Participant: 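My structure is below; once you've seen it, I'll send some questions.
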Amino acid sequence: MEVNKISEKINSSPSCILLFSGKRKSGKDYITDIILERIKRENAVMLKISAPIKSYWAETHDLQFDDLMGAGEYKEKYRQDMIKWSEGVRRQNYGYSCEAAVKMFKAHEKPIWIVSDIRRKTDLKWFKENYGSAVKTIRVVADEGIRKQRGWIFTEGVDDAETE
């Protein structure tokens with residue numbers, strides 16, 4: 001996999017980019033799905049920074065991409081290995097996953113971008129460097145008890161990592 005710049009000519013800039021961050025099971029996907037529904041898909045696109053990573057992982061390990069994108073146990077079996085692999089990619093190009101997600105979801109076709117899974121300070125840095133004042137950040141917070149009700153179980157190497 002080529003991890004250098006994806007280099008796609010940017011023809012238009014979004015008017016607004018909403019970057020959502022929060023811990024696992026905090027409700028990021030729930031909230032961003034509602035926002036996308038209200039804004040309407042003809043005006044906005046949902047980007048998932050993890051999608052290019054999961055797509056590559058599915059292709060190279062003969063796994064189900066849709067299941068890796070879901071919230072179930074299937075993804076959890078591979079989470080730590082995907083994190084380890086993607087960290088290696090980010091060391092070569094910290095914006096790789098952001099660039100790849102913009103391309104994968106054809107984001108430049110819509111004026112509003114909703115990014116549901118900002119996990120690292122470098123993700124935020126990449127969007128701010130490339131899109132400046134269009135970027136708005138939202139942190140989703142849920143207490144540990146609520147997250148546990150949603151199925152969260154502390155996992156060493158995941159919940160104590162930079163991604164959280």
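What you see is a predicted model; the values in this text were computed from it and never measured.
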Participant: Determine whether Arg90 and Asp123 make a side-chain contact, defined as any pair of heavy atoms from C-beta on separated by less than 4.5 Å.
Facilitator: yes
Participant: Could you state the interatomic distance from CD1 (Ile118) to SG (Cys98), rounded to the nearest 0.5 Å?
Facilitator: 5.5 Å
Participant: Decide whether Ile49 and Phe65 are clustered together by the hydrophobic rule: side chain heavy atoms of Ile, Leu, Val, Met, Phe, Trp, Tyr closer than 4.5 Å, transitively.
Facilitator: yes
Participant: Is Phe20 linked to Ile112 within one hydrophobic cluster, defined over Ile, Leu, Val, Met, Phe, Trp and Tyr using a side-chain heavy-atom separation of less than 4.5 Å?
Facilitator: yes
Participant: Calculate, to the nearest 0.5 Å, the distance between atoms CG and CZ belonging to Leu124 and Arg119 respectively.
Facilitator: 14.5 Å
Participant: Evaluate the side-chain proximity of Phe127 to Thr137: yes if any heavy-atom separation is below 4.5 Å, no if none is.
Facilitator: no
Participant: Kindly write out the residues that satisfy side chain to side chain donor-acceptor pair (under 3.5 Å) with Tyr94, not counting sequence neighbours, or none if the list is empty.
Facilitator: Glu129
Participant: Roughly how far, to the nearest 0.5 Å, is CH2 of Trp126 from CD of Glu99?
Facilitator: 5.5 Å
Participant: Would a distance-only check, ignoring hydrogens and angles, find a side-chain to backbone donor-acceptor pair under 3.5 Å from Trp113 to Pro14?
Facilitator: no
Participant: Check whether more than 12 heavy atoms from other residues, nucleotides or ligands sit under 6.0 Å from atom NZ of Lys75, and answer yes or no.
Facilitator: yes
Participant: Any non-hydrogen side-chain atom of Asp29 less than 4.5 Å from a side-chain atom of Lys48?
Facilitator: yes
Participant: Pair Leu19, Tyr131 - check side chain to side chain contact (heavy atoms under 4.5 Å, CB included), show working.
Facilitator: CA-CA 12 Å; Leu19 302 180; Tyr131 300 102; over 6 Å; no
Participant: Is there a continuous path of hydrophobic side-chain contacts, each under 4.5 Å between heavy atoms, that joins Val135 to Val140?
Facilitator: no
Participant: How many angstroms lie between atom OG1 of Thr122 and atom NZ of Lys125, to the nearest 0.5 angstrom?
Facilitator: 8.0 Å
Participant: Quick one: closest heavy-atom pair of Ala142 and Ser26, and the distance?
Facilitator: CB-O, 3.7 Å
Participant: Taking the side chain as every heavy atom from C-beta outward, state whether Cys16 and Leu18 have any pair of such atoms under 4.5 Å apart.
Facilitator: yes
Participant: How about Ile53 and Ser97: do any of their side-chain heavy atoms sit closer than 4.5 Å?
Facilitator: yes
Participant: Examine Val115 and Met69 and state if one hydrophobic cluster contains both, with Ile, Leu, Val, Met, Phe, Trp and Tyr joined whenever side-chain heavy atoms are less than 4.5 Å apart.
Facilitator: yes
Participant: Quick one: does Lys28's side chain have a donor or acceptor within less than 3.5 Å of a partner on Lys25's backbone?
Facilitator: no
Participant: Taking the side chain as every heavy atom from C-beta outward, state whether Leu68 and Met82 have any atom pair closer than 4.5 Å.
Facilitator: yes
Participant: Carefully, step by step, assess Phe105 and Lys110 under the rule side chain to side chain contact (heavy atoms under 4.5 Å, CB included).
Facilitator: CA-CA 10 Å; Phe105 292 100; Lys110 307 289 179 158; over 6 Å; no
Participant: Mind listing the closest non-hydrogen atom pair of Ser55 and Met104 along with its distance?
Facilitator: CB-CE, 3.8 Å
Participant: With a 4.5 Å cut-off on side-chain heavy atoms, are Glu73 and Lys77 touching?
Facilitator: no
Participant: Output all residues satisfying salt bridge (Lys or Arg N to Asp or Glu O under 4.0 Å) with Asp117, sequence neighbours left out; order by chain, then residue number.
Facilitator: none
Participant: Using a strict 4.0 Å threshold on nitrogen-to-oxygen distance, state whether Glu144 and Arg147 make a salt bridge.
Facilitator: no
Participant: According to a hydrophobic-cluster definition based on side-chain heavy atoms being under 4.5 Å apart (Ile, Leu, Val, Met, Phe, Trp, Tyr only), do Tyr30 and Met46 belong together?
Facilitator: yes
Participant: Anything under 30° is parallel, anything over 60° is perpendicular, the rest tilted; go ahead and classify Trp85 against Tyr56.
Facilitator: parallel
Participant: Could you tell me which non-hydrogen atom of Ala44 sits nearest to which non-hydrogen atom of Ile114, and how far apart they are?
Facilitator: CB-CD1, 4.4 Å
Participant: Does any non-hydrogen side-chain atom of Glu87 lie less than 4.5 Å from one of Arg120?
Facilitator: yes
